[in-house]
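Residue numbers begin at 1 in each chain, while the letters A, B, ... track the order of the sequences.
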Amino acid sequence: MNALSSTSQALQLRRVRQRYNRISIALCSLATLFGVGWLIAILTVLLWKGISGLSWMVFSHTTPPPGQGGGLLNAIVGSALMTVFAIVIGTPIGLLAGTYLAEYGREHRITSLIRFSNDILQSAPAIIVGLFIYEVIVTRMGHFSAWAGAVALSLLMIPTVISSTESMLRLVPDQLREAASALGAPRAHVILNICYRTARSGLVTGVLLAIARISGEAAPLLFTALNNQFWTTNLSGPMASLPVVIYQFALSPYENWQNLAWAGALIITITVLTINITARLLTPRISAF
Amino acid sequence: MSTALLYARFSDPVFYWMTKIVAFSVLFLLVGLLISLGLAAYPAFKVFAFSFFFSSVWNPVTQTFGAGAAVYGTLVTSLIAMLIAVPLSFGIAVFLTDLCPLVLKNPLTIAIQLLAGIPSIIYGIWGLFIFVPVMQQWVQPALIELFGSISILSSVFSGPPYGIGIFTASCILAIMITPFITGLMCEAFEKVPKVVKEAAYGIGCTTSEVIRHVTLPYTRSTVAAGIMLGLGRALGETMAVTFVIGNAHKIPASLFAPGTTISAMLANEFTEAVEDVYISSLMALGFILFIITFVVSALARLILKRLERKQKT
C-alpha cells in the first residue's frame, strides 16, 4: 500500500517537474524569438528605408536646407575626421595605461584604484563626457570646435581600450616574459617586443571595438563640435558629424531630411557592424599560444 | 654612448614613467570630471538649495529650475526597462547556453553581439518612426481599455494614446539593453564547470532544475553585477530616449504621458541655455546623473570583487 502510493506520488512529482521544465523551455525559446525578432525588425526597416534614401548624391553633396536635394558629405567627412583624431589621441593613451596596469602595477593597491576609476569612466554616460569637455575645452576656447569633439570621443574610447589592453596583456604567459628577461632584455624591450607582439591581435580587436563604439556616438558631440550646415575641414570650428546630423534631421518634419536621416543611419550601422565583424574575425587567432 | 647602450640604459625608466603617468592620469580624469561638474553645478545648488532635487518646476522664463521631473523620468524609464529586459535577457541567455541546438548557437551569439553594438541613435530613429505608431494605434489603446476598469491601475495606464511617452521610452530602452545584459549573462553561464552540471543531470534533474539549482547559484554575483551594469547603461542613455520620451517637464501620473529624462533634457536644451542659472541647472542635472551612475557602477564592482574574494579562498 505504502509502496504503491509513494510510486504514484513519485510519478505525480515527476509529471509536475516535467511540466515545469517544458514551460521554462518554452518561455526561454519565446524570449529568444522575441529578442531576435526585434533585431530582424530593426535591421529590415533600416535596410529598406536606408537604401531608398541612398543615392550617389548622399556622398557628393553637403547637407541641404529643408525641401531641397542634397547629401551627407560634410557629415561623413566630419565624422571621419573627428574619429581619426580621437583614435590618434585615444589609442596610445589607452595602450600605455593598460600596459602599466597589466605589467608594472599588477599588485599595488593604487592600481586597483585606477582600475576602479577606469570602470566608472567606462560606464559614464556619453553626454556627461560631452558636458565635461564643454566645461574644460569649449568654454576656455570660447567656441565650439571639432577638436573638442575629437577629445570627447577619445575620452569615451580610452577606458574601453585600457580594460581590453589589460586583459589581453594578462593573457600572455609570464614564462615568455621571464625567458626574455633571462636573455638580458630590458623590461621595456620585453613588453614592447614580446608582450605586444604576442597579444597583437587581441590589442587590435580591443581598439577596433572601441572605434566601433565611438563611431555611432551623438551625445558627446552635441555640445562640443555642435553641428555645421556647410562644408568645412577647419578643426577649430563647429563641424558636422553623421550621428548629430541624423539626430537633427530625424526629429524634423521635412521629408527630404528624414530620408537623409535614414540613409545616414544605414551608413553608420554598416560601418559599425563592419568594424565589429572585422574585430571578431581577428579574435580566434589569440588562442595560437 | 652608443644608441644600443642608451636604449638599454634609458628605455626602461622612460617607458615605465610614460605608462605610469598615463595610467595615473585616468585617476585624475575621474577626479577632474567630478570637480568640474560639481563646480559648474554649484551655482544652481546655491540658488535653489534642496528644493532643486524635488521640485518639478522647470521654467526658463522665470528662471526657476528643479530636477524632479528629470530624475523621476530617468529612474522610472530605467526601472521599467530593467523589469522588461532582465527576464528577457535571462531567457535568451539560458537558451543560448543550455537549450540551443549547436548549429544555431554560433550564429545566434554573433547576432546578439551585433545587436549590442548597434548605436543607440538607430534605436531612437527606429523607435520614433516604426515603434511609436504601433504603440499609438494598437498597443496603448488596448492597454488603456484593458486597465480602464481596474481602479487602481487605471490612472497609471490612462490618458490619450500619444505613442510617445515614458512607457514607449522604457520599451525602447529595454530592447536596447537586452543584448548587452544577455552577453554578460551568457559569459557568466559559460563559466559554470560542465562537470557540476553533468552531475546534476546525472541524478535526474530537468534542465530548468539545473539552471535554478546549479547555474544560478554559481553565477549569482556575476549576474547581479551584469544587471547593475545594464542599469547604469539605461540610466545614461540619451539618443534612444530623447526621440520617444515626449519632452514634457512634469511628473506625470500615467505611464503613457510624455515625460523627460536627465539626458534627454541635456540633449534638448543645453545648446539653447543662455543664462548662467539655466546652464548651471543643466550642469547640476548632469552632476546628479553622474553620481547616480557612479553609485550603480561602484555597487556592481563591489559585488564582483566580493565574488572574486570568495572564489579565491
Side-chain angles (χ1 to χ4, degrees), chain A residues 17-18 20-21 24-25 27-29 31-32 34-36 38-39 42 45-46 93 96-97 99-101 104-105 113-114 116-121 123-128 131-132 135-136 162 186-189 212 216-219 222-223 226 243 246-247 250-251 261 265 268-269 272-273 276, chain B residues 8 11-12 15-16 18-20 22-24 26-27 29-30 33 36-37 40 88 91-92 94-95 99 108 110-112 114-115 117-122 125-126 128 130 175 178 182 206-209 229 232-233 235-236 238-239 243 263 266-267 270-271 283 286 289-290 293-294 297-298 301:
Chain A
R17 284 171 57 216
Q18 278 193 329
Y20 192 78
N21 185 41
S24 308
I25 293 182
L27 283 176
C28 289
S29 315
T32 313
F34 196 57
V36 178
W38 287 119
L39 166 68
I42 294 176
V45 168
L46 190 62
I93 296 181
L96 285 175
T99 311
Y100 178 78
L101 289 179
Y104 290 115
L113 197 63
I114 299 179
F116 175 75
S117 315
N118 192 40
D119 274 345
I120 302 289
L121 283 174
S123 41
I127 202 163
I128 303 297
L131 276 185
F132 173 59
E135 267 302 296
V136 169
I162 290 180
R187 191 74 194 278
H189 188 95
E217 285 287 347
L222 282 174
F223 4 96
L226 201 64
I246 293 175
Y247 171 61
L251 284 176
I268 286 191
T269 312
V272 168
L273 287 183
N276 265 314
Chain B
S11 64
D12 251 351
F15 191 69
Y16 174 68
M18 218 161 53
T19 56
K20 192 166 189 175
V22 171
F24 274 77
V26 171
L27 197 53
L29 190 64
L30 179 65
L33 193 70
S36 96
L37 275 183
L88 208 58
I92 301 179
V94 163
F95 185 85
L99 305 169
L108 273 181
I110 295 178
I112 298 290
L114 290 181
L115 190 54
I118 292 181
S120 56
I121 197 168
I122 310 293
I125 189 175
W126 174 84
L128 180 63
I130 309 296
I175 299 175
T178 300
T182 306
T206 60
T207 315
S208 69
E209 281 165 356
L229 286 175
R233 177 109 191 250
L235 286 167
T238 312
M239 282 298 136
F243 278 82
S263 39
L266 284 171
F270 196 79
T271 41
M283 287 288 189
L289 179 64
F290 188 59
T293 47
F294 189 109
S297 316
R301 274 280 291 190

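Only the side chain of B:Ile130 comes within contact range of chain A, judged by heavy atoms closer than 4.5 Å. For chain A, the nearby part of B:Leu128 is the side chain; its heavy atoms alone come within less than 4.5 Å. Contacts between A:Leu27 and chain B at a heavy-atom distance below 4.5 Å are absent for every atom of the residue. Of the atoms belonging to B:Leu235, not a single heavy atom falls under 4.5 Å from chain A. For A:Ser24, the part sitting under 4.5 Å from any heavy atom of chain B is the side chain, from C-beta outward, and nothing else. The contact between B:Ile125 and chain A is made by backbone and side chain atoms together, counting heavy-atom distances below 4.5 Å. For chain A, the nearby part of B:Leu99 is the side chain; its heavy atoms alone come within less than 4.5 Å. Both the backbone and the side chain of B:Leu27 have a heavy atom closer than 4.5 Å to some heavy atom of chain A. Interface residue B:Arg301: only side-chain heavy atoms are found under 4.5 Å from chain A. Heavy atoms of B:Thr207 lying under 4.5 Å from chain A belong to its backbone as well as its side chain.
Side chains of A:Leu131 and B:Phe270 form a contact here, defined as non-hydrogen atoms less than 4.5 Å apart. B:Thr238 places none of its side-chain heavy atoms less than 4.5 Å from the side chain of B:Leu266. Residues B:Leu30 and B:Phe294 form a side-chain contact, since some pair of their non-hydrogen atoms from C-beta on lies under 4.5 Å apart.
With respect to chain A, the highest number of heavy-atom pairs below 4.5 Å among B:Ser208, B:Ala111, B:Ser297, B:Gly232 belongs to B:Ser208. Heavy-atom pairs under 4.5 Å with chain B peak, among A:Gly216, A:Ala126, A:Ala265, A:Pro186, at A:Pro186. By number of non-hydrogen pairs under 4.5 angstrom with chain B, the leading residue of A:Tyr104, A:Phe34, A:Phe116, A:Tyr20 is A:Tyr104. Comparing B:Thr178, B:Ile175, B:Leu37 by how many heavy-atom pairs each has under 4.5 Å with chain A, the most go to B:Ile175. The choice from A:Ser123, A:Pro125, A:Ala212, A:Ala124 that makes the most heavy-atom pairs within less than 4.5 Å of chain B is A:Pro125. Heavy-atom pairs under 4.5 Å with chain B peak, among A:Leu113, A:Val36, A:Val45, at A:Val45. Of the listed residues (B:Ser11, B:Gly91, B:Ser120), the greatest number of heavy-atom pairs within a distance under 4.5 Å of chain A belongs to B:Gly91. Ranked by heavy-atom pairs under 4.5 Å with chain B, the first of A:Leu121, A:Asn276, A:Ile162 is A:Leu121. When the candidates A:Leu39, A:Thr99, A:Val272 are compared by the number of heavy-atom contacts under 4.5 Å with chain B, A:Leu39 comes out ahead.
Between A:Cys28 and B:Val94 the shortest heavy-atom distance is SG-CG1, 3.7 Å. Nearest heavy-atom pair, A:Pro243 versus B:Ile121, reported as atom, atom and distance to 0.1 Å: O-CD1, 3.1 Å. Across every non-hydrogen atom of A:Ile120 and B:Ala298, the tightest pair is CD1-N, 4.0 Å. Between B:Asp12 and A:Ala188, the shortest heavy-atom distance links the atoms OD1-N, 2.7 Å. For the pair A:Leu222 and B:Met239, the tightest heavy-atom approach, listed with the atom from each and the gap, is CD1-CE, 3.6 Å.
Between B:Leu289 atom CG and A:Ile127 atom CD1 the span is 8.5 Å, to the nearest 0.5 Å. With rounding to the nearest 0.5 Å, the separation of CG in A:Leu101 from CG in A:Leu96 is 11.0 Å.
Using cut-offs of 30° and 60° on the angle between ring planes, the pair B:Phe243 and A:Tyr247 is perpendicular. Using cut-offs of 30° and 60° for the angle between ring planes, the B:Tyr16 and A:Tyr100 rings count as tilted.
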